[in-house]
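Below is one structure, written out as structure tokens, with a few remarks after it.
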Amino acid sequence: MRPLILCAFLLAPAFGADPIRFLAEKKVFVLDAGPNTIAFGLNERSEIQPLYFGQRLWRDQDLPAAHALREWASFDRTSTITPQEYPGYGAGLFVEPGIKVTLQNGVRDTVLKYVSHVIKGDVLEIKAKDQGYDLQVSLFYHVYPQGIVEKHTVITNKTPNVLTLESAQSGTLHLPPGEGYRLTYLYGRWAGETQMVHEPINPGVKVLESRRGNTSQQSNPWFAIDGPAPVSETNGAVWFGALGWSGNWRIAIEQTSHQQVRVTGGLNTFDFAHTLKPGESLETPPFYLGFTDQGFGEASRALHRFQREYILPGGLTSKARPILYNSWEATTFNVNEQGQTELAKKAASLGVERFVMDDGWFGARNDDHAGLGDWTVNPKKFPNGLKGLIANVKALGMDFGIWVEPEMVNPNSDLYRAHPDWAMHFPDRPRSEARNQLILNMARDDVKEHIFAVLDKLVSENDIAFLKWDMNRNVSEPGWPEVAPSEQKKMWLQYTRNVYEIIDRLRQKHPGLEIESCSGGGGRIDMGILRRVDQVWTSDNTDALDRLKIQEGYTQAYTPKAMMAWVTDVPNFNGRSTPLAFRFLVAMQGSLGIGNNLNHWKDEDFALAKKMVAYYKQVRNTVQTGKLYRLASPRDPSGFQSSQYVAEDGKQSVVFATLHSQQYGRPVPTLHLQGLDEKAVYKVTVLNGRTLELSGASLMHRGLDLNLTGDYAATSVLIERI
Ligand code: DGJ
């Protein structure tokens, strides 16, 4: 047998071989990322030309060499129709460039050619350079076992003069040429984030972007492309990607008139001009790209696994998200030691593990007109500082978290009176307020240092386990008068870098500190912020029914572990009232929180909530770190929604099912579970109902009939391997 194995190995170097290989004869790079292979080659012009992005190939020999395409017509030169991994704007390029440069002498022509490469394990760096002048671009590729490749570039000015970058993208994705692809993306608004849209890809360019200074609620930096054959949750080819950037970002999805479908992602080109002095570099944000042939469900699961393992702080060793109570909807700005302690007692009696005091504890903050910027405890509300409340919370067995909004200032604040120039502005122009607040120019070093010092003091002096970091408006008047006009547009980039730096430094100095990213709900959810926060606030809209669609969109891209979902009072946002059990069973599909005014609860509410909290503790590891199968979409006109989570070790699974409204007598569809072991036998316990034993085969093929009837009905089923 042995010689045969050896022989097979020689013929088939892909499996068991180095994850990244350069086939010197053909000048082809082969990258194996778990179940996928990515390949590109150097064509006769030394351009880096994509060859393949899809399911794992096992024979390197099968990959062709790269050859530039012939000129189609004088209008479509070979330079624009030959696909390139990272094209410069130059030589008649009419598709989206990876980079666009203006030199000091006015030259606006960049043609990148391969120079050399370095392979270090699962990272490839390709060094490229303009064909004439010394602009260097390093293309980085990092492959991950979840089928994902991370691309970014480092652009270095090695010329003797200043140059200006007008576009700096992170990378591209090329699909097999063809038509009939479909794009899925997430759009939204305040209180209506991560809504899914599917649309056909047609010739032209579709741009997903934020120009707002943060990730935005309006559009999220994630996309999926499926097709051309029909694709479902469980089946079919899906290419997907997400940008790791919380500032102005851009993803362009393009179908050329030669049926090339290409995606280009990176920094937004809007209001972008980034000068590089000789020797200076710019590093673009990571662009994570993947593929699966197992539909949207597996595309999400790959991202979830990847985020849990490589993106979220602490990776696989990070602990389960604690169940938190947050005071915002109960007390808004009316916080004080006694009132918060009362709420804390009630929250603790439910089994809550973390008590978070929201807005209103600092400066002259009695409503949203004043106080932002003055991060000192309001002595009238908290005569003992924060220490009194924190001691009470800790004595109840919970840890303590607090709300901050560090990037903001109310004009009515001591900070603004002392430093009006710190707010973002253009000289002699009005400053637009939103929620009565201005945004600090976080790109400034003095502002960054001030904010770091304030937060550092807050968490050094108090036993704070958790910060809810909020950001309640977008950028307007993006001026930076203190620097030369040619440098001012760097604000967009430097702002986000400095926010990242503050969080990174805080975490380094206070290793136990956990952080939630909030921007009026889900305005700052992306894979850049997820590298440095433990969880995100999904939406200010806590209406359970609206949440189902928000959560469905969210989980396309991001792990349920980081998805904070609170149970709150009704009627909520849109005047809708849903039963408490329904609200719990919706919130338990992510990381559970409670935001009710517990002073208004009756005994039976406490009794139900206690049971739900205990149940969540039983299943939360599976919800937060298991595999998610979306069994029924809340967008389905039937009003029936269901999601199933299967623990990584396969021992536990939990199903949640909700029914918006039932047409009289119409049964909900049989639920066919997924991800179980056909041969295993499971104990199946319906919440508040019967227990039975069923095989995996039966649960998946014959299915489960849930007796959901009426309006706003909900249930859960616990499945444990025997
Ligand atoms: C917006 C957040 O999303 C809310 O949860 C709350 O923290 C308020 N800000 C407080 O002002």
Side-chain angles (χ1 to χ4, degrees), residues 188-194 212 214-218 220 246 324-336 339-340 343 347 354-375 378 381 400-410 412-413 433-440 455 458 464 466-474 514-526 529 533-544 546-547 550-551 554 562-569 572-573 583 587 590-597:
R189 58 194 168 273
W190 174 75
E193 294 84 344
T194 51
R212 294 163 176 267
N214 73 352
T215 325
S216 97
Q217 285 143 327
Q218 288 64 21
N220 190 277
S246 316
L324 65 73
Y325 177 82
N326 178 291
S327 66
W328 174 243
E329 292 203 20
T331 47
T332 62
F333 302 96
N334 304 318
V335 295
N336 57 44
Q340 294 296 295
L343 285 171
R354 170 170 290 166
F355 183 85
V356 183
M357 176 165 63
D358 212 279
D359 202 345
W361 58 269
F362 52 91
R365 186 77 166 165
N366 295 316
D367 53 36
D368 61 17
H369 285 78
L372 282 178
D374 301 338
W375 300 106
N378 182 313
K381 298 179 181 180
F400 180 77
I402 197 161
W403 179 93
V404 287
E405 194 179 2
E407 300 150 77
M408 298 293 157
V409 66
N410 284 119
N412 185 2
S413 67
E433 291 176 23
R435 206 194 190 203
N436 312 300
Q437 64 199 54
L438 296 170
I439 182 162
L440 294 173
L455 295 173
L458 182 69
I464 291 174
F466 170 83
L467 290 179
K468 175 178 174 184
W469 180 307
D470 205 347
M471 181 201 192
N472 278 301
R473 59 160 295 174
N474 294 131
E514 295 192 343
I515 300 181
E516 174 174 285
S517 170
C518 169
S519 176
R524 198 186 259 157
I525 302 177
D526 60 79
I529 203 71
V533 301
D534 306 272
Q535 59 193 53
V536 296
W537 181 222
T538 317
S539 177
D540 271 355
N541 186 342
T542 52
D543 172 80
D546 281 3
R547 265 299 176 112
I550 294 171
Q551 293 180 179
Y554 171 102
M563 180 176 78
M564 289 313 295
W566 305 346
V567 176
T568 59
D569 289 332
N572 208 303
F573 269 72
R583 281 173 270 153
S591 270
L592 178 66
I594 295 176
N596 302 72
N597 190 339

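Order of appearance sets the numbers: ligands from 1, and atoms from 1 within every ligand.
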**Prompt:** With only distance considered, is C518 within less than 3.5 Å of ligand 1 through an N or O on each side?
**Reply:** no
**Asked** Considering only the protein, which heavy-atom contact is closest to atom 1 (C) of ligand 1, and what is its distance?
**Response** D470 OD2, 3.0 Å
**Request:** Between E329 and ligand 1, find which residue part has any heavy-atom pair under 4.0 Å and reply side chain, backbone, both or neither.
**Result:** neither
**Item:** Side-chain donor-acceptor contact under 3.5 Å, T538 with Q551
**Value:** no
**Message:** Minimum heavy-atom separation for V567 and A587, please, with both atom names.
**Reply:** CG2-CB, 3.8 Å
**Message:** I want to check something: taking the side chain as every heavy atom from C-beta on, are F333 and D359 in contact at a cut-off of under 4.5 Å?
**Reply:** yes
**Prompt:** Got the closest protein heavy atom to atom 4 (C) of ligand 1, with its distance?
**Reply:** D540 OD1, 3.5 Å
**Asked** Is it the side chain, the backbone, both or neither of D368 that has a heavy atom closer than 4.0 Å to ligand 1?
**Response** neither
**Asked** When only distance counts, is D358 in polar contact with ligand 1, meaning an N/O pair under 3.5 Å?
**Response** yes
**Atoms in ligand 1 flagged as close to W537, the criterion being non-hydrogen separation under 4.0 Å** = 3 (O), 5 (O)
**Asked** How about N472 and E405: does a side-chain donor come under 3.5 Å of a side-chain acceptor?
**Response** yes
**Asked** Would you say W328 and ligand 1 have an N/O pair spaced under 3.5 Å apart?
**Response** no
**Item:** Close-contact set for ligand 1 against G521 heavy atoms, below 4.0 Å
**Value:** 3 (O)
**Request:** Look at the rings of W361 and W375 and say which category their plane angle falls in: under 30° parallel, 30 to 60° tilted, over 60° perpendicular.
**Result:** tilted
**Message:** To check your reading of the model: name the closest protein heavy atom to atom 11 (O) of ligand 1, its residue, and the distance in Å.
**Reply:** D359 OD2, 2.7 Å
**Asked** Hey, does M471 sit under 4.0 Å from ligand 1 if you only count heavy atoms?
**Response** no
**Prompt:** Can you list every pair that meets salt bridge (Lys or Arg N to Asp or Glu O under 4.0 Å) and has a residue in residues 515-526, with sequence neighbours left out?
**Reply:** E407-R524
**Asked** Has K468 got any heavy atom lying under 4.0 angstrom from an atom of ligand 1?
**Response** yes
**Request:** Write down the atom of D540, the atom of E329, and the distance for their closest heavy-atom approach.
**Result:** O-OE2, 4.2 Å
**Message:** Hydrogens and angles aside, do N326 and D358 bring a side-chain donor and acceptor to less than 3.5 Å of each other?
**Reply:** yes
